Structures are given as C-alpha cells and as structure tokens.
Amino acid sequence: MNTLASERWGDHGPRLLLIHGSLNSAAAAFVEQQAFADEWTVIAPYRRGYRPSPHTDRIDPDRDAEEIVELIGSGAHLVGTSMGGVVAMRAAALVPDRVWSLTVIEPPALPNGIGHPAVDELREALMRHWQRNVSADDETFLAGFLEALGVKLSLPSPLPPEFVEAVHNLKTERPWDTGVPLPLLAGTTFPKLVVSGGGTPAFEAVCDVLATHMNAERRLFPGSPHAVQRIGRPFNDALRAFLTAAESRRGNPE
C-alpha cells in the first residue's frame with residue numbers, strides 16, 4: 001500500500017502524475033498546473049521525506065520510482081521536474097506498458113551526459129561541494145549547491161522549515177550519480193517530451209542527449225527558471241497540446 005501523501009486536483013479525465021524535485025514539494029512545485037484539473041485527474045505526490053509523506057533518513061530515487069509505480073495504477077501520464085524527472089524516468093522504465101506519456105523538466109541525469117564538458121564540470125563541482133560542505137549549516141550548503149548549478153535564487157534567512165527539510169534531504173542525495181536507464185527508455189513507444197529553460201548548460205546538454213536517444217519532442221523556454229513549469233501558461237499550453245496528442249494516439253493506436 002502506498003503511504004505517500006498527495007495533492008489531488010480534479011476527479012475526472014485521464015490520470016496525470018506530477019513529481020516534484022529536491023528543493024520543492026508537490027503543492028509549491030505545481031501550483032500553476034492546478035489548471036489541468038478541468039479535464040484531468042491530477043495527482044501530485046509528496047516524495048518520501050517531504051511532509052506530509054513519511055520521513056526518510058536517505059533519499060532513494062529507486063524507492064521513489066517504485067512508489068510512483070504504485071500511483072500509476074492501470075495507467076497515467078507522468079510529468080517530473082528536476083530530480084522528479086529522474087524518478088519519473090526510472091518509474092517509466094519499470095512499467096512502460098502503463099505509461100501513457102512522459103514529460104521531464106531539466107532532469108539532472110548527469111551520468112547520461114558524461115563526456116560533455118559542461119556535464120563533466122558540473123559533476124565535479126557537485127562532488128567537491130558535497131565533500132567539503134555536507135556537514136556545513138543548511139544555508140551555506142544550499143548557497144553552494146545553487147552556485148554550482150549557476151542558479152540565482154534569493155534565499156530567506158533563516159530558512160523556513162520547508163527549506164530546512166528539503167536541504168536535509170538534499171544532503172543525502174548524490175546528484176552527480178543519478179542516471180536513468182536510457183537504453184530501456186529508448187525502446188519504449190509512449191510519447192516523450194523533454195523541457196528546459198536554458199539556464200544551466202549541463203542540464204541543456206543532458207536534455208539534448210535524452211531527447212535524441214528517446215526520440216522525444218524537445219522544447220526550450222529561454223530565460224525560464226530551472227523549474228520551467230512555474231512560468232505557467234506558456235508551459236501549460238505546450239504540455240496540454242502534448243498530452244492531448246498522446247491521448248489521441250492512445251485512443252487510436254496505429
């Protein structure tokens with residue numbers, strides 16, 4: 001039985017699972033996507049370690065993927081942002097016959113981009129940061145993490161409880177080693193969409209690799225934040241068109 005807490009918006013139409021990343025939670029990450037409740041059954045789970053879901057001593061993307069599989073049920077569209085994208089891809093590889101479409105937003109699948117200078121540089125920077133600062137105070141650790149990513153974000157001080165929880169979880173992750181089973185995903189037939197905002201060269205390179213190998217649609221929203229879904233309508237319009245096409249294809253298989 002799945003013990004994850006979830007936000008639920010809408011109670012009719014195809015199931016749409018929204019999977020949040022490391023420095024956010026379900027409601028905050030996908031507030032703009034509540035608009036899909038008019039024609040979708042939207043479920044946004046809180047990954048383990050993010051209240052009100054159960055606590056964990058260590059974030060485990062594979063365990064997260066297994067818990068998402070439980071929520072997929074007989075079938076669902078998956079949307080994952082940041083580390084949620086890695087989780088979504090690992091879940092999709094476990095039950096490809098139950099995935100109706102897959103959308104990922106700047107997933108940090110850095111091992112899949114090894115060999116690209118920007119990816120190699122970011123992996124090294126993240127490893128150094130963890131080695132030097134994993135025992136540092138939360139504000140110092142978070143600031144260094146964002147600096148390594150090249151993400152500009154004004155942080156409140158002191159950090160609010162939800163940020164403290166997220167940073168504690170982040171410290172247990174290994175973002176330089178969170179690859180996805182690309183050969184398995186490349187062999188699947190469900191529609192795929194890879195989205196980025198143009199802000200982090202390493203993520204752009206990873207997104208290009210994923211899109212190429214998975215034969216996915218590739219969308220860039222220049223100037224957007226790492227969590228591209230936060231821009232609202234432009235992203236929602238693109239996602240809605242993609243999901244509608246996927247539904248049409250599902251209803252009329254070739």
Side-chain angles (χ1 to χ4, degrees), residues 19-24 29 47 49 58-65 68 78-94 102-134 141-153 166-186 188 192-222 224-229:
I19 307 164
H20 70 84
S22 298
L23 289 177
N24 225 315
R47 289 166 52 212
R58 180 178 64 88
I59 296 296
D60 181 346
D62 283 324
R63 181 184 58 197
D64 286 350
I68 294 303
L78 302 185
V79 177
T81 182
S82 193
M83 189 60 73
V86 168
V87 171
M89 284 188 284
R90 292 188 183 189
L94 293 175
L102 172 67
T103 300
V104 292
I105 305 159
E106 294 198 4
L110 297 177
N112 298 96
I114 288 175
H116 189 286
V119 174
D120 295 343
E121 181 180 347
L122 179 56
R123 292 184 75 239
E124 288 293 330
L126 291 171
M127 284 190 281
R128 286 196 305 270
H129 176 59
W130 255 254
Q131 290 168 356
R132 297 173 181 175
N133 299 299
V134 74
F141 182 85
L142 180 55
F145 173 69
L146 295 174
E147 182 179 1
L149 295 181
V151 173
K152 298 185 186 301
L153 180 65
V167 173
H168 287 181
N169 287 332
L170 179 61
K171 286 181 176 182
T172 72
E173 294 185 17
R174 297 293 182 268
W176 56 87
D177 196 30
T178 52
V180 298
L182 198 49
L184 287 176
L185 291 167
T188 61
K192 305 166 188 73
L193 172 63
V194 179
V195 177
S196 65
T200 303
F203 290 162
E204 295 302 312
V206 167
C207 285
D208 289 343
V209 168
L210 296 178
T212 297
H213 286 273
M214 296 193 301
N215 192 28
E217 182 179 341
R218 179 78 167 89
R219 291 296 301 266
L220 173 64
F221 293 86
S224 299
H226 173 53
V228 180
Q229 76 278 3

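Predicted, not measured: the structure shown is a model, and the values here were computed from it.
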Report summary line: Residue pairs meeting salt bridge (charged side-chain N to carboxylate O under 4.0 Å, His left out), one or both in residues 84-93, sequence neighbours left out, come to Asp62-Arg90

Query raised in the report: Does the side chain of Asn24 come under 3.5 Å of the side chain of His20 through a donor N or O and an acceptor N or O?
Result: no

Report summary line: Distance col, row Leu170:CG vs Thr172:OG1, nearest 0.5 angstrom, shows 7.5 Å

**Report entry** Side-chain heavy atoms of Phe145 within contact of Asn133, under 4.5 Å
**Finding:** no

Requested in this report: Rounded to the nearest 0.5 Å, what's the gap from CD on Glu124 to NE2 on His129? Could you check?
Outcome: 14.5 Å

Report summary line: For Leu122 and Ala148 the tightest heavy-atom approach is CD1-O, 3.3 Å

Requested in this report: Working to the nearest 0.5 Å, report the span between CG of Leu23 and CG of Leu149.
Outcome: 8.5 Å

Quick one: side chains of residues 173-185, donor-acceptor pairs under 3.5 Å with protein atoms, not counting sequence neighbours, listed by atom name and distance.
from: Glu173; atom 1: OE1; to: Ser22; atom 2: OG; distance (Å): 3.1
from: Glu173; atom 1: OE2; to: Ser22; atom 2: OG; distance (Å): 2.9
from: Arg174; atom 1: NH1; to: Lys171; atom 2: O; distance (Å): 3.4
from: Thr178; atom 1: OG1; to: Pro108; atom 2: O; distance (Å): 2.8
from: Thr178; atom 1: OG1; to: Pro175; atom 2: O; distance (Å): 3.3

Exercise answer: donor-acceptor pairs, residues 81-88 side-chain atoms, under 3.5 Å, sequence neighbours excluded:
from: Thr81; atom 1: OG1; to: Gln229; atom 2: OE1; distance (Å): 3.2
from: Ser82; atom 1: OG; to: His226; atom 2: NE2; distance (Å): 2.8

Report summary line: In short, salt bridge (charged side-chain N to carboxylate O under 4.0 Å, His left out) pairs touching residues 200-222 with sequence neighbours left out are Glu204-Arg218, Asp208-Arg218

**Report entry** Residue pairs, two or more places apart or on separate chains, that pass salt bridge (charged side-chain N to carboxylate O under 4.0 Å, His left out) and touch residues 104-120
**Finding:** none

Report task. With sequence neighbours left out, write down each residue that passes side-chain contact (heavy atoms from CB on, under 4.5 Å) with Leu94, or none if nothing qualifies. Result -> Ala65, Glu66, Val69

